[in-house]
Asks: 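Below are the structure tokens for one structure; questions will follow.
Naming convention: chains lettered A, B, ... in sequence-line order (proteins, then strands); numbering from 1 in each chain.
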Number of protein chains: 2
Amino acid sequence: MVYTSDYPIFSVTVDVVCLTVRDDRFQVLLIRRGGSPHKGKLALPGGFVHENEDLEAAARRELAEETSVRAPRYIEQLATYGAPRRDPRGRTVSVAYLAAAPDLGEATGGSDAADASWHDVGEVLARPKTLAFDHAQILADAVERARAKLEYFPLAAEFCPPEFTIAELRHIYELVWGTNLDPANFHRKVRSAKGFLDSADGTTARGGGRPARLFRKGPARELHPPLMRDRESR
Amino acid sequence: MVYTSDYPIFSVTVDVVCLTVRDDRFQVLLIRRGGSPHKGKLALPGGFVHENEDLEAAARRELAEETSVRAPRYIEQLATYGAPRRDPRGRTVSVAYLAAAPDLGEATGGSDAADASWHDVGEVLARPKTLAFDHAQILADAVERARAKLEYFPLAAEFCPPEFTIAELRHIYELVWGTNLDPANFHRKVRSAKGFLDSADGTTARGGGRPARLFRKGPARELHPPLMRDRESR
DNA sequence: GCAAAAGTGTTATACGTACACCCATGA
DNA sequence: TCATGGGTGTACGTATAACACTTTTGC
């Protein structure tokens, strides 16, 4: 590996924006930094990529090591952040991942005793200075990606338990988009999007009223027709 | 910069998928590799990121150095490729960019005498082994991104000269998507998408028939309503 | 005039929205 | 039987697709 010394040396890290819907709130998993720089600040879970380790594998490993989230249902590459001074310790390029998980209950730190916990996305975005490095920008990009992807990709089901009702799915959309949706029309839309939902047997009555049918995530990789956000209100 | 030696050392490169529509064909800008590895194979223009250089700046610089394309109209980050063995020389992570340019005529090599030329996208995708490294995968991802982005983002105008007719714009869609579109309905759709097109004065008659009005790219950052591909035919 | 391409009109159908209404349960 | 939420029906307005038709040029 002679040639690497002929070129600038980089460290490569991964950071994971792990989103969930918990307790009627759209939340993100953050750790409290124990070391310098930005000691004591909140940050996205993440860390250095190992030699011979794939980028996505590194993202999953770091998430598991630093938090109690062992296997998010969904993870995708978001973008790469490499501004020259983004890390005061040296030239570091970070590959950010977006993960979505169902409600996993209270978070605990991982094996390296990091302090991990869920935070309301809206509150963190409103106070970007509370996050270390450029993590507020990464979080903002991730949230926008998630909001957009709900429209044309069956991402909402990744926030739900394995079996869920259409009302629970609608709740995901409402919380992530910050809007209210007509239950009747939402019902028809998701059921007409081929492959979005598979019927599961049985019903459930969480919270009174007529029991709702249960569904599982279907095989579709995109939603036709898409469920569009209102553009008027933006 | 003591700490970088505590962690695996990476090289970081950028690769640029520069797409255009030229001579009634959807094409990509490739260089012929002059050195090892993959000597003589075709590859995406790209190279190592310099110290203190932003990633997008590096992409623009490498494109300009290796080809005659000095300033693509549009460039965006596509994705990052970092499989452990993607470069036999050592651990390298490549941040890929997607660029779109209007017809720039024949390509010539850049200052470092690389051999740059335009190639039909379909032909290159059909022979993925002709490309070095994992560049066939990067190209495939870029083409899919471009096709998808035509639907909801005013990307097609980036492939046109500063002033263009609606038929020329439609031709971009037809070549990139590989479909035929109804000229009448396309006309109304793009004109009704607020901010997609600004009227320019004057008309042109390239190729007989009634002269067409000229337009410039408008300020819109997204298309409402989107122009959707046919999902039936896929 | 004729061919060719630009651009407009027209109509049937599909789709989205709003909201009324019925259904199935627990209390 | 009432409250609650699940789920369906329906009507109306808007968007889309197909294609006929008019406009404006070159030859």
Side-chain angles (χ1 to χ4, degrees), chain A residues 24 150-152 156 160 163-175 177 179-194 196-216 222-234, chain B residues 24 150-152 156 160 163-175 177 179-194 196-216 222-234:
Chain A
D24 264 16
L150 286 186
E151 292 190 323
Y152 61 91
C160 293
E163 302 204 337
F164 53 87
T165 68
I166 291 181
E168 286 163 355
L169 189 71
R170 172 167 48 86
H171 212 59
I172 304 292
Y173 277 89
E174 292 180 329
L175 287 170
W177 282 351
T179 57
N180 286 320
L181 299 172
D182 183 309
N185 293 332
F186 181 84
H187 186 105
R188 262 182 301 240
K189 270 187 183 172
V190 296
R191 296 217 62 185
S192 75
K194 251 188 318 193
F196 192 3
L197 300 181
D198 280 346
S199 290
D201 295 331
T203 58
T204 189
R206 328 196 217 255
R210 170 176 166 179
R213 293 186 53 185
L214 287 171
F215 294 87
R216 277 187 229 92
E222 53 179 2
L223 265 29
H224 288 290
L227 289 94
M228 303 279 263
R229 287 177 279 184
D230 247 337
R231 255 68 184 192
E232 258 50 54
S233 59
R234 301 206 314 170
Chain B
D24 264 15
L150 286 185
E151 293 190 325
Y152 60 90
C160 295
E163 301 202 336
F164 54 87
T165 68
I166 289 180
E168 287 163 354
L169 189 70
R170 172 167 48 85
H171 211 59
I172 304 292
Y173 277 90
E174 292 179 330
L175 287 169
W177 283 351
T179 58
N180 287 320
L181 300 172
D182 182 309
N185 293 332
F186 181 85
H187 186 103
R188 262 182 301 242
K189 267 188 186 173
V190 297
R191 296 216 63 185
S192 75
K194 252 188 317 191
F196 192 2
L197 301 181
D198 281 345
S199 289
D201 295 331
T203 59
T204 187
R206 324 195 221 257
R210 168 176 170 180
R213 295 187 52 185
L214 288 170
F215 295 87
R216 277 187 228 94
E222 52 177 5
L223 265 31
H224 287 289
L227 288 95
M228 302 282 265
R229 286 177 278 184
D230 246 337
R231 254 72 182 190
E232 256 51 52
S233 59
R234 302 207 313 171

Asks: Please name all residues satisfying ring-ring contact (aromatic ring centres under 6.0 Å, His included) with A:Tyr173, sequence neighbours left out, ordered by chain then number.
Replies: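 A:Tyr173: ring-ring contact (aromatic ring centres under 6.0 Å, His included) contacts with A:Trp177, A:Phe186.
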Asks: For D:dT24, does OP1 or OP2 lie under 4.0 Å from any side-chain N or O of B:Arg213?
Replies: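 No, no such contact exists.
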Asks: Name all pairs fulfilling the salt bridge (Lys or Arg N to Asp or Glu O under 4.0 Å) condition that reach into residues 163-175 of chain A, sequence neighbours left out, sorted by first residue then second.
Replies: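 Passing the test, one end in residues 163-175 of chain A: A:Glu163-A:Arg216, A:Glu168-A:Arg206, A:Arg170-A:Glu174.
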Asks: Under the rule for side-chain hydrogen bond (donor to acceptor under 3.5 Å, both in side chains), what residues qualify as partners of A:Asp201, not counting sequence neighbours?
Replies: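 Here no residue qualifies.
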Asks: Grab the CZ-C1' distance between A:Phe186 and D:dT8 for me, whole Å please.
Replies: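 Taking CZ of A:Phe186 and C1' of D:dT8, I get 17 Å after rounding.
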Asks: Determine whether B:Leu227 and B:Leu150 make a side-chain contact, defined as any pair of heavy atoms from C-beta on separated by less than 4.5 Å.
Replies: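 Heavy-atom side-chain distance check fails, nothing below 4.5 Å.
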Asks: Provide, to the nearest angstrom, the distance between the CZ atom belonging to A:Phe215 and the C1' atom belonging to D:dG7.
Replies: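 Going from A:Phe215 (CZ) to D:dG7 (C1'), I get 10 Å.
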Asks: Can you tell me how far P of C:dA6 sits from CG of B:Leu181, to the nearest Å?
Replies: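 Rounded to whole Å, this separation is 13 Å.
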Asks: Check side chain to side chain contact (heavy atoms under 4.5 Å, CB included) between A:Arg191 and all other residues, then give those that pass, not counting sequence neighbours.
Replies: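 Checked A:Arg191 against side chain to side chain contact (heavy atoms under 4.5 Å, CB included); matches are A:Ile166, A:His187, A:Ser199, A:Arg213, A:Phe215.
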Asks: If the condition is side-chain hydrogen bond (donor to acceptor under 3.5 Å, both in side chains), which residues does A:Asp198 pass it with, not counting sequence neighbours?
Replies: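 side-chain hydrogen bond (donor to acceptor under 3.5 Å, both in side chains) list for A:Asp198, sorted by chain: empty.
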Asks: List the protein contact pattern of nucleotides 8-17 of chain C with one symbol per nucleotide (5' to 3'): B for base contact, S for sugar-phosphate-only contact, - for none; contact means a heavy-atom distance under 4.0 Å.
Replies: BBB------B
Asks: Starting from P on C:dA24, measure out to CG on A:Leu214 and report it in whole angstrom.
Replies: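 Rounded to the whole Å, the gap is 17 Å.
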